[in-house]
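Every heavy atom of this structure was used, including side-chain atoms; hydrogens, water molecules and symmetry mates were not. All ligand and atom numbering here is 1-based and tracks the order in the structure. The residues of the chain are indexed from 1 along the displayed sequence.
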Amino acid sequence: MTEKINAIRGMNDILPDEAGLWEHFEDAVRDWLHAYGYRAIRTPILERTELFVRSIGAVTDIVEKEMYTFVDELNGESLTLRPEGTASCVRAAIEHNLLYAGPQRLWYWGPMFRHERPQKGRYRQFHQVGVEALGYAGPDIDAEHIVMCARLWRNLGVEGIALELNTLGGAEARTRYRARLVKYLERHHDALDADSKRRLHSNPLRVLDSKNPDMQGLIEGAPKLADDLDEDSLRHFEDLQGKLRAAGVAFELNPRLVRGLDYYNGAVYEWVTGRLGAQGTVCAGGRYDGLIAQIGGKPAPACGFAMGVERLLDLMKGGTASVPRRVPDVYLVHQGEAADRVAGTVAEHLRDREISVLLHCGGGSFKSQLKRADASGARFAVIVGDDEAQAGEVSVKPLRELAKQARVSLEEAVDLIKKDEMR
Ligand code: ATP
Ligand code: MG
C-alpha cells in the first residue's frame, strides 16, 4: 500500500464531531461582537516579514524563534505566516486610511502560526479572536474591552477565568525603569539563564516574562515598574481600575505581567485559569499607543486583545455549558424506481420551506435506511416508497418520540414538521 500522508505536527484537523463546538463558539462570538458594535476585518494570512519584526519586536520569542518565515523565490521577498493579528489589522487600517473616517472598532478571527513545541494548549497552527480599537485614548475603551471579555465568558458558560492587570507606563517611565532593572540584573548576572543573559541589554523587560522556574526568585526580587510610573499612565491606570470596580469585574494587580510583544505600553492584562495546566492564559491584551506610528501611520492611540480559541474550547469542554448538537430536521428515506425519481424533488421542496433535509444516497433496504435516519439525529424520517410516489404523498415518521407514522400530502408533511418545531 502507498504510504499515507499525515498533517504537520502541531497543526490540528478539526473533525466534524468537534466542528459543532467550534460553530457554536463562532456564533456566540459574532453575536457578542455585534452587541458591542465591532466590525470585522479580514487580512491575508501571509505578510511581509518586516511587518512583524517592526511591530512585535526583533528581540521577542515570537520573532526570534517562532515565526514561519521563508523567501518567495519569485522575487526574493521574505514572507511570514502571521503569528498574531494586531500587526496585520493595523497595517490594513493604515494602508486603507480607515482612521480618516474616525476611530475604528475592529475584530478579526482566524489561524495564527508559531513554531513552538507542541503540547496541550500550545500548537503551531492555532486560532485567535482579536479585537482592536484604533484611535481611542481610553481608559473608557480599555474598560469596555475587559468588561466585554467578562461578558463573553458568561455567555459561553465558562467559569474560573481571573483577570490580572498591570501598567507598563509611558516610554519615559519605561526607560527609567529599564536602567534600574538592568542594574539589578547585572548584580545577579550569575543567576541568569542563557535567554535572560542574552536579553539583559537588548530587551531586559522580557526577563520578567521568563517561564523558567529557576528564575522566579530573582524575578520576585526585581525592582518594580510602579515606582517609575509617570502621572499620565498612573491616572489612566487608576481610572481604569475604578471603571472595572464600578462594572463589578474583579481583578488582581500583577506587577510582573509584561506581555511577550514589544508594542504594548500603558495598561496590559491577561485572563488566566488554573484549569488548563501550564497553558493557562486564555486571553491577553492591552494598550499599544506607539504601534500605528511605528509601522508608518499617523500617530494614534490604540488598544486591543486576542484570545486563544483552542484554550477556550478546552475550558468549554470541561465545563457544564451544554453545546447543542446540530441535526437535520428530516432524513429522507426512499426506495423503488418511482420513489427514487421524486425523492430529490421532495427534498428540495422541504428545503424551500426552510426544513433541513439529509437525503439518503446509495440505495439499500427501508430497514437499513431507517437505521441511518435514526443515527443521523434527525427529528423525522420522511419516507417515499413507490406507493407514496404514485399518490403524490409521503409518510412522516417521528424518530424522537413514540408517535404514529402518518401518510400525508407534502403540504401536510411540511405543517407537521413545522408544528413540531414550534413546540
Ligand atoms: P503564551 O504565554 O501562552 O505563550 P503569548 O503571550 O505568546 O502566550 P499572545 O501572543 O498574547 O500569547 O496570544 C494571545 C493568546 O493566544 C494567548 O493568551 C493564548 O491563549 C493564545 N496562544 C498563543 N500562542 C498559542 C499557541 N501556540 N497555541 C495555542 N494558543 C496560543
Ligand atoms: Mg508565546
Inset, instruction - Considering only NZ, NE, NH1 and NH2 on the basic side and carboxylate oxygens on the acidic side, decide whether Arg400 and Asp374 come within less than 4.0 Å. - result: yes
Inset, instruction - Out of Lys120, His127, Arg122, indicate the one that has the non-hydrogen atom closest to atom 4 (O) of ligand 1. - result: Arg122
Legend entry - Ala284: numbered ligand 1 atoms lying under 4.0 Å from its heavy atoms: 11 (O)
Inset, instruction - Please work out whether any backbone atom (N, CA, C, O) or any side-chain heavy atom from C-beta onward of Val282 is under 4.0 Å from ligand 1, and answer side chain, backbone, both or neither. - result: backbone
Legend entry - Numbered atoms of ligand 1 (with element) below 4.0 Å of Thr281, judged on heavy atoms: 17 (C), 18 (O), 19 (C), 20 (O)
Inset, instruction - Give the ring-plane orientation class for Phe113 versus Tyr68, where under 30° counts as parallel, over 60° as perpendicular and anything between as tilted. - result: perpendicular
Inset, instruction - Can you sort out which atoms of ligand 1 are near Lys211, meaning under 4.0 Å from one of its heavy atoms? - result: 2 (O)
Inset, instruction - Applying side-chain contact (heavy atoms from CB on, under 4.5 Å), run through His360 and Tyr331 and close with a yes or a no. - result: CA-CA 7 Å; His360 181 82; Tyr331 192 100; 2.8 Å; yes
Legend entry - Any N or O of Glu310 closer than 3.5 Å to N or O of ligand 1: no
Inset, instruction - Just go through Glu84, Glu116, Gln128 and tell me whose heavy atom is the nearest to atom 15 (C) of ligand 1. - result: Gln128
Legend entry - Arg151 and Tyr36: side chain donor to acceptor below 3.5 Å: yes
Legend entry - Enumerated ligand 1 atoms positioned under 4.0 Å from heavy atoms of Ala306: 14 (C), 15 (C)
Inset, instruction - May I ask you to check whether Asn166 and Asn254 show a side-chain donor-acceptor distance below 3.5 Å? - result: no
Inset, instruction - Output yes when a side-chain donor or acceptor of His189 lies under 3.5 Å from a complementary backbone atom of Leu185, and no otherwise. - result: no
